[in-house]
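Working notes, structure below.
Index from 1, following the sequence.
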Amino acid sequence: MRVLHFYRTAFPDTMGGVEQLIHQIAAGCGKYGIQTDVLSLTPNRVERTVDLYGYQTHRARLSFLIASTGFSVSAFWRFAELARQADVIHYHFPWPFMDLVHFATRVHKPAVVTYHSDIIRQKYLLKLYRPLMNRFLGSVDRIVATSPNYLATSDVLAKFADKVSVIPIGLDKATYPPPQPERLRYWREKLAPRFFLFIGVLRYYKGLHILLQAALGTDYPIVIVGAGPIEGELKTQARKLGLLNIHFLGQVSDADKVALLTLCYGIVFPSHLRSEAFGISLLEGAMFGKPMISSEIGTGTTFINIGGETGLVVPPSDPVALRQAMRYLWDHPEEAALMGRRAKERYSEYFTADQMVQSYVALYNTLVSR
């Protein structure tokens with residue numbers, strides 16, 4: 001069997017949550033005899049096709065952006081070429097350009113779409129896009145939600161509930177490098193013995209402005225790993241608030257990320273909007289056995305983090321509640337450690353990459369046997 005994934009960006013060019021999911025599926029499907037191609041857009045002059053971890057990633061040249069949506073002239077024929085060789089097309093929503101390519105190329109192959117998020121920010125553009133979106137989602141054979149929480153709270157998914165499956169995102173810890181003694185030693189010397197950790201792209205829906213407000217009046221070290229479009233705003237906010245306990249590390253290597261995940265006291269994940277559909281870095285914290293703090297936004301974050309069991313769950317956009325949650329974990333180390341152990345157990349039960357890949361393989365087989 002041959003499967004083609006189509007999304008606006010992909011590993012190794014970028015490694016956000018969707019890219020991580022595609023990479024885990026593509027790398028894991030090889031042992032089940034599935035050949036995988038991944039097509040994405042790139043603004044850079046790079047190799048068009050690269051072999052990675054047993055699958056091939058292909059790039060079409062990004063032509064222009066409209067409202068953060070990438071468009072590519074060459075992607076039409078590139079997609080058509082790859083789709084003709086595929087047995088299953090695997091789309092990743094939302095990306096309006098993808099819908100256009102789907103209909104324009106008229107490639108009639110079994111199709112599944114992983115539904116990563118409702119469209120939250122572009123409300124006015126959504127009114128224009130909604131007819132195309134509904135036609136696209138109505139045309140695919142299966143839709144996958146990444147958590148039962150998101151399925152239960154999405155008005156869009158409710159319209160197509162008869163063809164929605166739930167397959168949680170999974171991670172393979174074996175794909176992460178083991179903690180390196182020299183990097184552990186480096187960060188132990190550089191940071192306090194206990195610190196809270198956030199990892200992710202610095203975007204508007206991550207709620208980091210709320211985290212900075214919550215940090216006011218505390219001395220808990222908070223380490224923020226990642227870069228992104230609001231990095232400058234956050235640093236300005238931290239400076240104006242006089243926060244000396246915030247450490248912006250920017251992007252770090254995989255070895256350093258593993259070291260920080262190993263050393264941190266707990267994960268803080270203050271995303272406050274439904275654009276945060278799952279939370280890969282929250283899942284990484286569970287995989288490393290860390291207690292978590294997240295917000296209840298009706299998405300997969302509260303499927304990963306069960307309040308009172310694997311960590312604490314607070315109302316969104318509430319810096320006081322977030323501050324109180326950090327204080328509680330800080331003042332109750334034995335309970336925090338117990339929550340971390342439960343988080344790791346929950347990861348093993350529900351969120352391994354192999355469980356996820358097996359579910360997708362079963363879905364692909366269902367589609368091609370119809």
Side-chain angles (χ1 to χ4, degrees), residues 3-10 13-14 16-19 21-22 25-26 36-43 57-146 150-151 154-165 167 205 274-275 277-278 360 363-364 367:
V3 176
L4 170 63
H5 290 260
F6 189 34
Y7 187 57
R8 58 187 178 85
T9 55
D13 297 332
T14 58
V18 179
E19 297 93 323
L21 169 68
I22 295 170
I25 297 172
T36 300
D37 297 284
V38 178
L39 176 62
S40 62
L41 309 187
T42 178
T57 182
H58 311 264
R59 286 97 153 209
R61 191 67 184 272
L62 175 68
S63 299
F64 55 90
L65 289 166
I66 298 178
S68 301
T69 296
F71 289 80
S72 167
V73 174
S74 64
F76 287 92
W77 68 263
R78 192 81 172 114
F79 174 84
E81 177 185 48
L82 291 167
R84 279 193 294 269
Q85 304 170 39
D87 298 295
V88 176
I89 312 297
H90 192 152
Y91 297 107
H92 295 269
F93 180 96
W95 183 28
F97 175 68
M98 173 182 69
D99 306 20
L100 293 174
V101 172
H102 169 76
F103 289 114
T105 54
R106 299 183 179 182
V107 177
H108 300 293
K109 295 289 179 76
V112 57
V113 56
T114 297
Y115 190 96
H116 292 280
S117 172
D118 295 334
I119 295 175
I120 304 298
R121 199 177 194 185
Q122 291 91 0
K123 292 182 179 179
Y124 298 109
L125 291 175
L126 176 60
K127 292 181 180 179
L128 298 175
Y129 169 54
R130 185 176 284 112
L132 176 62
M133 175 188 74
N134 288 332
R135 186 183 170 202
F136 170 72
L137 293 174
S139 72
V140 299
D141 297 282
R142 297 296 297 176
I143 300 171
V144 174
T146 56
Y150 215 93
L151 173 58
S154 170
D155 292 337
V156 175
L157 288 178
K159 297 175 184 177
F160 304 97
D162 60 330
K163 60 177 177 180
V164 177
S165 303
I167 301 179
Y205 59 83
R274 286 179 55 81
S275 301
F278 195 79
Y360 274 109
L363 179 56
Y364 296 154
L367 293 177

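For the pair S117 (side chain) and A277 (backbone), a donor-acceptor distance under 3.5 Å is absent. Of the possible polar contacts, none joining the S154 side chain to the Y150 backbone as a donor-acceptor pair under 3.5 Å is found. Side-chain atoms of S72 come within 3.5 Å of backbone atoms of R61 as a donor-acceptor pair (strictly under, hydrogens ignored). For the pair D141 (side chain) and V112 (backbone), a donor-acceptor distance under 3.5 Å is absent. Between the K163 side chain and the G138 main chain, a donor and an acceptor come within less than 3.5 Å of each other.
Results of the side chain to side chain donor-acceptor pair (under 3.5 Å) test with E81 over R78, R84, Q85 single out R78 as the only residue that passes. Considering F97, F103, F6, F71 in turn, F97 is the only one that fulfils the ring pair (Phe, Tyr, Trp, His ring centres under 6.0 Å) rule with F76.
Taking CG from L100 and CZ from F79, the interatomic distance works out to 12.0 Å, rounded to the nearest 0.5 Å. Interatomic distance, L82 CG to H58 NE2, rounded to the nearest 0.5 Å: 5.0 Å. We find the OG1-NE2 distance between T114 and H5 to be 8.0 Å, quoted to the nearest 0.5 Å. Atom NE2 of H92 sits about 10.0 Å away from atom CD of E19, to the nearest 0.5 Å. Taking OH of Y360 as the reference point, atom OG1 of T36 lies at 12.5 Å (rounded to 0.5 Å). Rounding to the nearest 0.5 angstrom, the gap separating the CZ atom in R59 from the OG atom in S74 is 13.0 Å.
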Criterion side-chain contact (heavy atoms from CB on, under 4.5 Å) on M133 and V156, from CA distance to verdict: CA-CA 10 Å; M133 175 188 74; V156 175; 4.1 Å; yes
So F278 and L21, side-chain contact (heavy atoms from CB on, under 4.5 Å) or not? Walk me through it. CA-CA 11 Å; F278 195 79; L21 169 68; over 6 Å; no
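K109 and A83 get closest at one heavy-atom pair: NZ-O, 2.9 Å. In this structure, A86 and L4 approach most closely via the heavy-atom pair CB-CB, 4.0 Å. Counting all heavy atoms, side chain and backbone alike, I119 lies closest to P94 at CG1-CB, 3.9 Å. The minimum heavy-atom distance between A10 and V38, with the atom names listed, is CB-CG1, 3.8 Å. Across all non-hydrogen atoms, the minimal contact from A80 to T105 is CB-CG2, 4.1 Å. Considering every non-hydrogen atom in both A60 and L39, the closest pair reads N-CD1, 4.1 Å.
In this structure the side chain of W95 reaches within 4.5 angstrom of the side chain of L41, judged on heavy atoms. Residues D99 and Y129 are in side-chain contact: their nearest non-hydrogen atoms beyond the backbone lie under 4.5 Å apart. Residues R8 and S40 fail the side-chain proximity criterion, which asks for heavy atoms closer than 4.5 Å. The closest side-chain heavy-atom distance from K159 to L137 is not below 4.5 Å. Inter-residue side-chain proximity for M98 and F136 is flagged as met; some heavy-atom pair is nearer than 4.5 Å.
Between F160 and Y115, a ring centre-to-centre spacing not shorter than 6.0 Å is recorded.
Checked by atom type, the side-chain pair H116/T146 shows no donor-acceptor distance below 3.5 Å.
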